[in-house]
Asker: 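One structure, pasted below without further comment.
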Amino acid sequence: MASAANANLNAVRETMDVLLEISRLLNTGLDMESLSICVRLCEQGINPEALSAVIKELRKASESLKASENSTN
């Protein structure tokens with residue numbers, strides 16, 4: 001039983017490593033933790049395109065906030 005659990009864990013790690021490499025090749029800017037959260041959300045039924053749109057909007061808002069903070073300093 002432990003052997004099957006270890007095999008499953010190894011398969012999950014390998015899958016996440018492959019997804020992270022694809023993410024890097026596509027220049028998504030997602031780290032392992034962020035990518036893992038996105039995968040879990042998609043597994044729970046979240047629309048991947050909607051998730052992508054939210055991430056893009058959050059990045060824009062973050063950049064805008066940083067720019068406004070820099071202009072006030």
Side-chain angles (χ1 to χ4, degrees):
M1 195 64 154
S3 174
N6 285 339
N8 187 36
L9 184 59
N10 287 338
V12 170
R13 284 185 183 145
E14 184 176 330
T15 300
M16 286 306 299
D17 287 342
V18 169
L19 288 174
L20 184 60
E21 185 61 28
I22 292 170
S23 175
R24 287 182 179 148
L25 290 171
L26 294 173
N27 296 318
T28 64
L30 297 173
D31 59 10
M32 181 61 93
E33 182 181 8
S34 300
L35 182 61
S36 179
I37 291 168
C38 289
V39 168
R40 280 186 252 140
L41 287 169
C42 290
E43 288 174 342
Q44 295 295 316
I46 299 296
N47 181 322
E49 291 177 12
L51 181 57
S52 173
V54 168
I55 291 170
K56 288 177 184 177
E57 285 299 315
L58 288 171
R59 284 184 176 164
K60 284 181 188 176
S62 176
E63 289 173 11
S64 176
L65 183 60
K66 286 177 185 175
S68 68
E69 287 176 351
N70 287 340
S71 67
T72 59
N73 290 336

Asker: Between atom CG of Asn70 and atom OG1 of Thr72, what is the distance when rounded to the nearest 0.5 Å?
Answerer: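 Spacing of CG (Asn70) from OG1 (Thr72) equals 7.5 Å.
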Asker: Is a donor on one side and an acceptor on the other found under 3.5 Å between the side chain of Thr15 and the backbone of Ala11?
Answerer: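 Present.
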Asker: Check the hydrophobic clustering (I, L, V, M, F, W, Y; side-chain heavy atoms under 4.5 Å; chains of links allowed) and say if Ile22 and Met16 are grouped together.
Answerer: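 Hydrophobic grouping puts Ile22 apart from Met16.
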Asker: CE/Met32 to CD1/Ile37 distance, rounded to the nearest 0.5 angstrom?
Answerer: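 Atom-to-atom, Met32:CE and Ile37:CD1 are 12.0 Å apart.
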Asker: State the CG-CZ distance between Asn8 and Arg13, to the nearest 0.5 angstrom.
Answerer: 11.0 Å
Asker: Got a second to check how far Cys42's SG is from Gln44's CD, nearest 0.5 Å?
Answerer: 10.5 Å
Asker: Do you reckon Val39 sits in the same ILVMFWY cluster as Ile46, going by side-chain contacts under 4.5 Å, direct or chained?
Answerer: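 In one cluster with Val39: Ile46, no.
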Asker: Rounded to the nearest 0.5 Å, what separates atom CG in Leu30 from atom OG in Ser36?
Answerer: 11.0 Å
Asker: For the pair Thr28 (side chain) and Ser23 (backbone), establish whether a donor and an acceptor sit closer than 3.5 Å, ignoring hydrogens and angles.
Answerer: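 Confirmed, Thr28 side chain pairs with Ser23 backbone.
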Asker: Output the distance between atom CG (Leu65) and atom CG (Leu58), rounded to the nearest 0.5 Å.
Answerer: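 That separation rounds to 12.0 Å.
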Asker: Filter on salt bridge (charged side-chain N to carboxylate O under 4.0 Å, His left out), then keep only pairs touching residues 23-48, sequence neighbours left out; what's left?
Answerer: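 Every candidate salt bridge (charged side-chain N to carboxylate O under 4.0 Å, His left out) pair involving residues 23-48 fails, so no pair, neighbours aside, qualifies.
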Asker: If we only count heavy atoms from C-beta on, is the Lys60 to Ser64 side-chain gap below 4.5 Å?
Answerer: no
Asker: Answer yes if Ile55 and Leu35 sit in the same cluster of Ile, Leu, Val, Met, Phe, Trp and Tyr residues linked by side chain heavy atoms under 4.5 Å apart, and no otherwise.
Answerer: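 No; tracing contacts between hydrophobic side chains, which count when under 4.5 Å, never links both residues.
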